[in-house]
Amino acid sequence: MKKECVTMLLAGGVGKRLGQLTKNLAKPAVPFGGRYRIIDFTLSNCINSRMHTVGVLTQYSPFELHKHIGIGKPWDLDRMEDGLTVLSPYMNSEGGNWYLGTADAITKNINFIERYDPKYVMVLSGDHIYHMNYEKILQQHKETNADATISAIQVPWKETSRFGILNTTESMRIYEFEEKPKHAKNNLASMGIYIFNWSILKRYLEKDAMLLDSDHDFGKDVLPAMLADGMNLYAYKFEGYWKDVGTIGSYWEAHMDLLEENIPLSMSDNEWLTYSHDSNFGPQLITENGKATDSLINNGCIVSGKIDHSVLFENVHIDKASSIKQSILFPGVRVGSNVVLDRVIVKENVTIPDHTVLVASPNEEPIVVSEEYVKEKLQPMEESPLLKRMTSNF
Amino acid sequence: MKKECVTMLLAGGVGKRLGQLTKNLAKPAVPFGGRYRIIDFTLSNCINSRMHTVGVLTQYSPFELHKHIGIGKPWDLDRMEDGLTVLSPYMNSEGGNWYLGTADAITKNINFIERYDPKYVMVLSGDHIYHMNYEKILQQHKETNADATISAIQVPWKETSRFGILNTTESMRIYEFEEKPKHAKNNLASMGIYIFNWSILKRYLEKDAMLLDSDHDFGKDVLPAMLADGMNLYAYKFEGYWKDVGTIGSYWEAHMDLLEENIPLSMSDNEWLTYSHDSNFGPQLITENGKATDSLINNGCIVSGKIDHSVLFENVHIDKASSIKQSILFPGVRVGSNVVLDRVIVKENVTIPDHTVLVASPNEEPIVVSEEYVKEKLQPMEESPLLKRMTSNF
Amino acid sequence: MESLMGLINLEHEHDFLNELTQTRCPAAVPFAGRYRMIDFTLSNMTKSNINEIAVFTKHKYRSLMHHLGSGVDWELNKRHGGLYILPPQENNQSDMSKGDLKHFCNNWDYFERNKSDHVLISGTSFISNMNYQELFQHHLDTNADVTLLTTTYNLSTEHEHCLKVDTATNGTVTAITSDKNNPHVFSGIYIIKKSLLAELVEKCIATYKEHFFIDGIIANLHRLNIQSYQYNGYSFMIHSVDSYYKNSLALLEMNNYKQLFPVGEKIYTKISNHAPAKYNTTSNVSKSFIATGGVIDGAVKNSLLFRGVKVQKGAVVKNAIILDDCTIEENAHVENIIIDKEVTVSKNQFLKGSEKQPFIVAKQKTV
Amino acid sequence: MESLMGLINLEHEHDFLNELTQTRCPAAVPFAGRYRMIDFTLSNMTKSNINEIAVFTKHKYRSLMHHLGSGVDWELNKRHGGLYILPPQENNQSDMSKGDLKHFCNNWDYFERNKSDHVLISGTSFISNMNYQELFQHHLDTNADVTLLTTTYNLSTEHEHCLKVDTATNGTVTAITSDKNNPHVFSGIYIIKKSLLAELVEKCIATYKEHFFIDGIIANLHRLNIQSYQYNGYSFMIHSVDSYYKNSLALLEMNNYKQLFPVGEKIYTKISNHAPAKYNTTSNVSKSFIATGGVIDGAVKNSLLFRGVKVQKGAVVKNAIILDDCTIEENAHVENIIIDKEVTVSKNQFLKGSEKQPFIVAKQKTV
């Protein structure tokens, strides 16, 4: 049946710069904010913006991701006529077809899009933390009569060299892209959110698919080709909180942002709910000896230590006389007694032995603790040389 | 969480011998029986046998199949702690991994199985039409203390050369496999349904994965290896209706079987329901001029012609003075007036022009009509040479 | 953007269907081979993007609750919005309200929580397959307080008891009457601004009224901007055994069928797991609906057979409406009849009502 | 294989919780930070593979229906089985039955359709986290007609009104009494053969009885094989404000917490979409539950805070149970208190009940 706009959510990225966090886990499935996974923010934006026809393109280690999104129930995207569809690479009579780039992933699912005969296609990525009403960008796209509209945000000038910069006229029409410029003319960076007129995008995708030297990427290939042909490309200026959690540093920072009393991204905003699963753990118990300040704590936690500037996902237990600062503890973490953690990220179900001290100094990257890390580096004996080093560090 | 038995349903086959019917469609997703798809029978067996932990392995053209099974809602397999999980090939840090054979597909999902720490693993295929209580084969497997149990059915002696034959002692212990023997000693054929002790299967899978010359197939590699090692392999004798719909001929025959007044496979058995989706078409209308005998007709059909020994899926319209015999019409088919069809299978949404005559004689394979077939061979003009040939044939 | 919530108000629906409404309210009466009356209103709401719907039930609503379940089959099982069945509340000594005003009063928190600015209120007796968005747009364009959905029927005794509407040339409603000679019929469906609903409900309760439409809307006709929106598609109203029977059989005309069930405009209902209908060698069916799960060995003519009906060899079914899971045994003859669920008509039995007044057989009997 | 269906019978549960049961039945009373009373029984049934459950509601069940919804959060929204809420039926002149027998009578078709051979019947006042399969196995092994789940409590006035059980050494029940000096307490949960249930229900109705357990089971004690199955895990019964308050605060002891909420043995409840609890710079929380959606700037001690509770700077909350979405404003002090949903305690307000008799604040107030 006909739909005005089909949303294609790219969730296949490897997320290499997240290192340990994306080992066997697609980046959109990485836990975030004490109860969510990164993709929950984008999926919640979809339902809150009434974008009901969503294809989610997966490729890399999708098991947890597929289990998490299912058919979209937590986001009310389990629908009879459209709703959420997972689009994984598949084999057909011509053989197997992995997705080669962001544009190629869409090209390989042209049949899916055509089913809904849409006027517009919106392309999103499942990698960012933000609240955005996609109805507004669609609105602008229609009003400006654009062929493509790119959502953009003003970034600090010193960071412009990390982004794709859009140079526009006063009316926001784009006349130039600069990919990670050394000396940017502008601080308006692309957020990787695009709206296209489908008939035009389809033509460009088919053309791009024939090019042998293309990376089949929107930012590198398709959009520059459209610009070169003089198509109407507009920027949509987004104002609000937006964070690319592409590195362990920025992932950690985004969590510290959540602990500020007033950031423009509230997960308890009744007008813009963030949806996710719930695993039905019991209520959280702060015991007689527990204390929590400037922290987010989820169900099933038992806290007998001191928590400060930290995020505890569900079912984390902290024993007495331990101190957790500026840290992020994933579901099922067990922290023994007399432990000190500062600027540490602990992965799911990891147990931190008693008396462990792990501190990353402010100029270091936060420490990511996995089971292997515990086995290799945190021997429970007090006399381990590494442990000594750590302690002295503190 | 721990589960006694995990079910792995192989639904990735290409189904080459079904020709047109599996063009861009996985075999388990091929429509069957007027309202179902082939895989519905196996999935309904799972829920009716209380097998609640099911992995469905897909690979070839899975789009319709994924859409159909979703998270298993029609079969009550949408469950919080286990339920149905679709397992498609994926990329991990070592690159892409297509499934190479039936055993390899299981090997690549060992992690999925281990999550449930099962004692037994049942392997099924989504290609067959039958009702079977899997609890019974599990029961026998436990009682005989088997390492593996293979479900088997007695086939007519003249067909033994098409099957894998199991030679057993009186106690049903298997001492020999014969793959498609010219002169079978026995008419007990494997149904491709296996139960294994997981710890043993895992060992054999890991061993098989290392063999460079293996096809990584249960029937060809893993089971013979187990037999050679003297493991306890038992046959479970199944009695009842079972049909491998592997060719267009057998697919058509299986439909004709359904029209018999008494076959041991009833789709309206309240004790063994066959579940599927429902698309909410209106009731079927047999008009003043319509007539239906020995046929199955689904919702949304409007019948003004004569239907005999045929199966009409939902939303099929037959205009007046047409005669449909021994044919299978998929959802959305439109048949004009004065049409004659005999031993014909018409694919989804195909329109058959007025005055078309299509007859396959009893010794021919049934004709499969797709949109391309109509375009190429059924010109609406009465004077088309082909049409003449057809008519004369009749 | 202005938005709309739905209310299906069963408080003032009468049990007109004799045996068929003995154990169920009219909204739950099976209709058209595979539906219940409420499915039409509910599906129209769903298709019109109304995804939060309240149902005021009055009595005999167990089968209605069972039918609606979680609302999943109408896509109403969502965390955002969904289906709310609001049964009558037990007496509260301090609560003096009556009729549907009692429902509004007891459940006002539900309306308050909802963010919609307008409420579409409907009964279940008006049967159509339509989208309410045009009606809503008309309501917004005319900045109406209330907009009534109206249609025009040929004058007949069938619509004598319906409310009729007089309008000025611009569509403004000038009177709502019971005039038997007015073909301009009110469908029972209307849209009202939620703020106005709140105000009128409060006034009605304060003055001990008991029927919101009569005491809140009609009584204030001249103080409000009430518009009418005329629907000219296929529709009919069911409020008697006679209209139930007549309009059911009328659906067997292809022209009517295609208007109520156009391909692509679905009416949703509770999903069953029945096999396709089976026609055996001796079956002889014409001008009939046969629902799934049916097994036909006999003759069926000008009839509607619901799910799971068996007609055995030699049996004759004519001008009949036969509800789910009935069996018409060998050589039985049933004609001009409505048979409720799970009835067995024994071998050689002969049952015939008159064309004007069909015979009704109550459910779970053997006759 | 023998199988079991569930029945949660609310017909004879009393509204013991004063303000807390003014608008809701006891089964729907919020409990333990994020649950309602019924969640424990319902989750235990689900975990015991009972997947078809009926609920006999009596009155004030709107919030219960809203809480249970489609049953999806307890995995009970299935086509096979599921959750059936059976509200009381309006009067039928020919129906003389009373009490829970009226429910059995009106809904007997439901029990008949079900294929289970045994029924587990429960109220909602017994709180535990257990699997009923052992109880069921005991029932089958002893070939009992009826098996009662029992436990032993210290003698205290708290269980004075519970039914007590005397047994022979082999576990056969010899008497069911109200003996205040018997510590062997009946939990209100029992399994009965369905065929026997049918027979006893019919007899009770024929003799105008109104309480199935008293008139059907106790009255026939010596004619039936009634067994007891002793449960020794953590449990308690709630049937007064006192036991509600006392047992709630007892959950703040780690030892009790871990017994009622062991990791891996989940109690299911309606899913909300609240963010994790937020503890700000000036928060000072000890020995307390803080549910999701909470924002804490003040001091909280020995208290249970439900979802979405805000405690502002300088506020003190002590020995308190505060239900969903309340706000305790700056410098307010609440102690020995139970505060129902959506209450705002204004700045500088001081509220204190006695430890023996906590003060209860009714919902949606500003104090």
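Numbers restart at 1 for each chain; the letters A, B, ... are given by sequence-line order, proteins then strands. Heavy atoms only: backbone and side chains are in, while hydrogens, waters and symmetry mates are out.
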Taking A:Leu273, A:Leu296, A:Asn289 one by one, which has the highest count of heavy-atom pairs under 4.5 Å against chain D? A:Leu296
A:Thr293, A:Asn315, A:Ile286: which one forms the most heavy-atom pairs within less than 4.5 Å of chain D? A:Ile286
Region of D:Asn302 that comes under 4.5 Å of a non-hydrogen atom in chain A: neither
Between D:Ser283 and A:Ala292, what is the shortest heavy-atom contact and its length? OG-O, 2.6 Å
So what's closer than 4.5 Å to chain D heavy atoms on A:Thr274: side chain, backbone, both or neither? backbone
Kindly give the heavy-atom pair with the smallest separation between D:Tyr35 and A:Gly282, and that separation in Å. OH-CA, 3.2 Å
Please indicate whether A:Lys67 has more than 12 foreign heavy atoms, meaning atoms of other residues, nucleotides or ligands, lying under 6.0 Å from its NZ. yes
Heavy-atom proximity to chain D below 4.5 Å, by part of A:Ser276: backbone
For the candidates A:Val311, A:Ile307, A:Thr287, which exhibits the highest count of non-hydrogen atom pairs separated by less than 4.5 Å from chain D? A:Thr287
Which pair of non-hydrogen atoms, one from D:Lys266 and one from A:Phe281, has the smallest distance, and what is that distance? CE-CZ, 4.3 Å
Of the backbone (N, CA, C, O) and the side chain (C-beta and beyond), which part of D:Phe306 lies under 4.5 Å from a heavy atom of chain A, both, or neither? neither
Heavy-atom donor-acceptor pair, D:Tyr279 side chain to A:Lys291 backbone, under 3.5 Å: no
At a heavy-atom separation under 4.5 Å, does A:Phe313 approach chain D through its side chain, its backbone, both, or neither? neither
Is D:Ile267 in contact with chain A via its backbone, its side chain, both, or neither, using a 4.5 Å heavy-atom distance? backbone
Using a cut-off of under 4.5 Å on heavy-atom pairs, state which of D:Ser272, D:Ala32, D:Ala277 scores highest against chain A. D:Ala277
For A:His277, is it the side chain, the backbone, both or neither that has a heavy atom under 4.5 Å from a heavy atom of chain D? neither
Are A:Asn298 and D:Thr292 close enough that some pair of their side-chain heavy atoms sits under 4.5 Å apart? yes
Is it the case that atom CD in D:Glu355 sees more than 12 heavy atoms from other parts of the structure closer than 6.0 Å? no
In Å and rounded to the nearest 0.5 Å, what is the CG to CG distance from A:Leu285 to D:Asn256? 10.5 Å
Given that the side chain runs from C-beta out, which part of D:Val72 has a heavy atom under 4.5 Å from chain A: side chain, backbone, both or neither? side chain
Checked A:Ser279, A:Gly33, A:Pro74 vs chain D; the most non-hydrogen pairs under 4.5 Å come from A:Ser279
Any heavy-atom pair between the side chains of D:Thr281 and A:Asp294 that's under 4.5 Å? yes
Using heavy-atom distances under 4.5 Å, tell me whether D:Tyr268 contacts chain A through its side chain, its backbone, both, or neither. both
Between A:Tyr36 and D:Ala275, what is the shortest heavy-atom contact and its length? OH-CA, 3.4 Å
Side chains of D:Val285 and A:Gln284: closer than 4.5 Å at any heavy-atom pair? no
Rounding to 0.5 Å, atoms CZ (D:Arg307) and CG (A:Asn299) come to a distance of 7.5 Å
Using a cut-off of under 4.5 Å on heavy-atom pairs, state which of D:Gly264, D:Ala291, D:Pro276, D:Gly293 scores highest against chain A. D:Pro276
If you count heavy atoms of other groups shown closer than 6.0 angstrom to NZ of D:Lys270, is the number above 12? yes
Check whether any side-chain heavy atom of A:Asn280 sits under 4.5 Å from a side-chain heavy atom of D:Arg34, and report yes or no. yes
Against chain A, work out which of D:Ser288, D:Gly294, D:Gly308 has the most heavy-atom pairs shorter than 4.5 Å and name it. D:Ser288
NZ of A:Lys320: more than 12 outside heavy atoms within 6.0 angstrom? no
Checking heavy atoms, do the side chain of D:Val263, its backbone, both or neither come under 4.5 Å from chain A? side chain
For the residue pair D:Asn273 and A:Arg35, establish whether any side-chain heavy-atom pair is separated by less than 4.5 Å. yes
Tell me, for A:Ile302 versus chain D, whether the close heavy atoms (under 4.5 Å) come from the side chain, the backbone, both or neither. side chain
